[in-house]
Amino acid sequence: MLGTFKENLMVRVDFPCFDIQKIAESGQCFRLVRSGQDDWTLTAFGKALHIRKIKNGEYIFSCTKREFNSIWKNYFDLESDYGAYADQIPKSDRFLSAAAEYSEGIRILNQDPWEMLITFLLSQRKSIPAIRTCVEKLASSFGNEINDDGKTVYAFPTPEQLYHAGVDGILSCSAGYRAPYLYEAASLVLSGELDPEYLKNSDDAELKEKLLSLRGVGEKVANCVMLFGYHRINAFPVDVWMNRMIDRHYNGSFPMDLYRGFAGIIQQYIFYYGRTYSGH
DNA sequence: TGCCAGGCTTCAC
DNA sequence: GTGAAGCATGGC
């Protein structure tokens, strides 16, 4: 039996280069959680979505075809040709070729810019499991309730909700010294000085400048927000893992010029390979 | 138990 | 412009 999947409320999809497990483990999203052997649950855009793997590349989604086409197809970036990106890696780069093959199926999600800003403000000097815990605490403490087939899950808090939570409320969710960063960001949105949606219209340089002006946002966090929240796939976040890989395999200098325009996708392959595969 | 985490701000120099 | 200390708290 299909359980949470009802015949009139599910979509069967079959896409190449799409692997939900790798995406869930790729460090770009924190609310896509494995809920069974072949099942994942995603909370995003005020909705709960269930995803079940049938076989490689083939999945069923717990939503109507209309919802799939209007929200999730874009969310999972299913219309981009990731094979074409991987094809541009020179065969001579054995490390990157292996990383791309290992990471096949990862896509850069189109996530909510506000959620990405707050999530990656939180991410600094936290482990990925700790980020996940913190995001869930924020959602269940301050976010709207979502009825997920009888079970209650929580939407990511809006700027208004975080503002009303206050620094103390945010602190109670294990945000630590980052709590004022989150609170300030929420305040700026409420005052109109920061408009995450409007920034979708900005070019890369303008967007980055605005992000860097926020307290708690540096080079790395800005690049994560650009890549995962604004789908600027040329953004190239460099963290401790990336530095480790670049030092080990490129003598400290990565040939960015080869990947102009989609360096962020290459970055994601290196990051995922470096973090999850021990044999390199 | 102690160490480290998808870094940033602040303050010397 | 570069370098180094300090940072709250959870995971392992």
Side-chain angles (χ1 to χ4, degrees), chain A residues 22-34 99 102-103 106-109 111-113 115-141 156 162 165-188 194 208-249 252-254 256 263-278 280:
Chain A
K22 292 180 188 174
I23 292 171
E25 293 174 355
S26 70
Q28 61 176 308
C29 58
F30 299 90
R31 309 203 70 197
L32 173 58
V33 179
R34 194 168 199 161
Y102 179 83
S103 307
I106 292 180
R107 287 167 180 267
I108 306 294
L109 305 183
Q111 302 183 79
D112 178 68
E115 181 172 336
M116 289 302 98
L117 173 61
I118 295 304
T119 300
F120 282 96
L121 271 172
L122 273 178
S123 74
Q124 56 184 267
R125 278 184 69 86
K126 267 186 185 297
S127 65
I128 289 180
I131 299 166
R132 223 179 264 283
T133 303
C134 192
V135 167
E136 284 315 308
K137 281 188 192 171
L138 285 172
S140 59
S141 301
F156 194 83
L162 267 197
V167 175
D168 287 342
I170 298 169
L171 264 177
S172 71
C173 299
S174 313
Y177 70 92
R178 311 157 194 82
Y181 301 162
L182 273 61
Y183 181 74
E184 277 186 34
S187 305
L188 289 174
L194 174 64
K208 188 165 193 177
E209 186 185 348
K210 184 66 179 177
L211 291 171
L212 287 173
S213 76
L214 305 173
R215 211 154 71 92
V217 177
E219 190 68 23
K220 191 271 172 183
V221 169
N223 277 314
C224 283
V225 177
M226 290 178 72
L227 182 58
F228 304 131
Y230 290 92
H231 208 71
R232 306 303 168 96
I233 59 171
N234 194 42
F236 193 83
V238 177
D239 68 329
V240 289
W241 286 100
M242 288 300 292
N243 271 327
R244 221 168 276 167
M245 293 299 108
I246 293 171
D247 284 346
R248 188 177 303 170
H249 299 283
S253 171
F254 184 73
M256 289 276 290
I265 290 165
I266 298 300
Q267 182 274 350
Q268 203 60 12
Y269 292 161
I270 298 174
F271 177 80
Y272 177 72
Y273 189 57
R275 238 178 57 80
T276 64
Y277 181 68
S278 53
H280 55 73

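No experiment lies behind these values; they were computed from the predicted model shown.
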Roughly how far apart, to the nearest Å, are C/dA8 and B/dC11 at atom P? 14 Å

Does the side chain of A/Gln268 reach to within under 4.5 Å of the side chain of A/Ile108, using non-hydrogen atoms? yes

Whole-Å gap separating P (C/dT9) and CG (A/Leu138): 14 Å

How is A/Ser26 classified with respect to the nucleic acid when contacts are heavy atoms under 4.0 Å: base, sugar-phosphate, or nothing? base

Output the rounded distance in Å from CZ (A/Arg178) to C1' (C/dC7). 8 Å

Using the C1' atom as the point on both nucleotides, what is the distance between B/dA5 and C/dC7, in whole Å? 13 Å

Give me the atom names and distance for the closest heavy-atom approach of A/Leu122 to A/Ala175. CD2-CB, 3.8 Å

Residues A/Glu136, A/Arg31: salt bridge by 4.0 Å N-O rule: yes

Do the rings of A/Tyr177 and A/Tyr181 sit parallel, tilted or perpendicular, given the 30° and 60° boundaries? perpendicular

Interatomic spacing from CD in A/Glu115 to SG in A/Cys29 - rounded to 0.5 Å: 9.5 Å

Can you give the first and last nucleotides of DNA chain B, 5' to 3', that have an atom under 4.0 Å from a heavy atom of chain A? B/dA5 to B/dT9

Whole-Å P distance, C/dA5 and B/dC4: 15 Å

Contact list please: residues 214-229 of chain A against DNA chain B, heavy atoms, distance less than 4.0 Å, in numerical order. A/Leu214, A/Arg215, A/Gly216, A/Val217, A/Gly218, A/Glu219, A/Lys220, A/Val221, A/Phe228

Would you be so kind as to tabulate the donor-acceptor pairs closer than 3.5 Å made by side chains of residues 234-247 of chain A, with sequence neighbours excluded?
{"residue": "A/Asn234", "atom": "OD1", "partner": "A/Gly261", "partner atom": "N", "Å": "2.8"}
{"residue": "A/Asp239", "atom": "OD1", "partner": "A/Trp241", "partner atom": "N", "Å": "3.4"}
{"residue": "A/Asp239", "atom": "OD1", "partner": "A/Met242", "partner atom": "N", "Å": "3.0"}

Looking at side-chain heavy atoms only, is the closest gap between A/Phe156 and A/Val135 below 4.5 Å? yes

Ion pair A/Arg275/A/Glu25, N-O distance below 4.0 Å: no

Please report the distance, rounded to the nearest Å, between CG in A/Leu182 and P in C/dA8. 14 Å

Return the residues of residues 234-244 of chain A meeting this criterion: a heavy atom under 4.0 Å from some atom of DNA chain B. Order them by number, or give none. A/Pro237, A/Asp239, A/Val240, A/Trp241, A/Met242, A/Arg244

Any A/Gln28 side-chain heavy atom under 4.5 Å of A/Gln111 side chain: yes

Among residues at least two apart in sequence or on other chains, which ones pass side-chain hydrogen bond (donor to acceptor under 3.5 Å, both in side chains) with A/Tyr102? A/Thr276

Value rounded to 0.5 Å, distance of CD in A/Gln124 from NZ in A/Lys220: 9.0 Å

Residue whose closest nucleotide on DNA chain B lies nearer the 5' end, A/Phe271 versus A/Tyr181: A/Phe271

Using a distance-only test with no angle check, is there a side-chain donor-acceptor pair under 3.5 angstrom linking A/Lys22 and A/Ser103? no

Decide whether A/Gln267 and A/Tyr272 meet the rule of one side-chain donor and one side-chain acceptor closer than 3.5 Å. no

Scan nucleotides 10-12 of chain C against the protein and return all N/O pairs shorter than 3.5 Å with their distances rounded to 0.1 Å.
{"residue": "C/dG11", "atom": "OP1", "partner": "A/Thr133", "partner atom": "OG1", "Å": "2.4"}

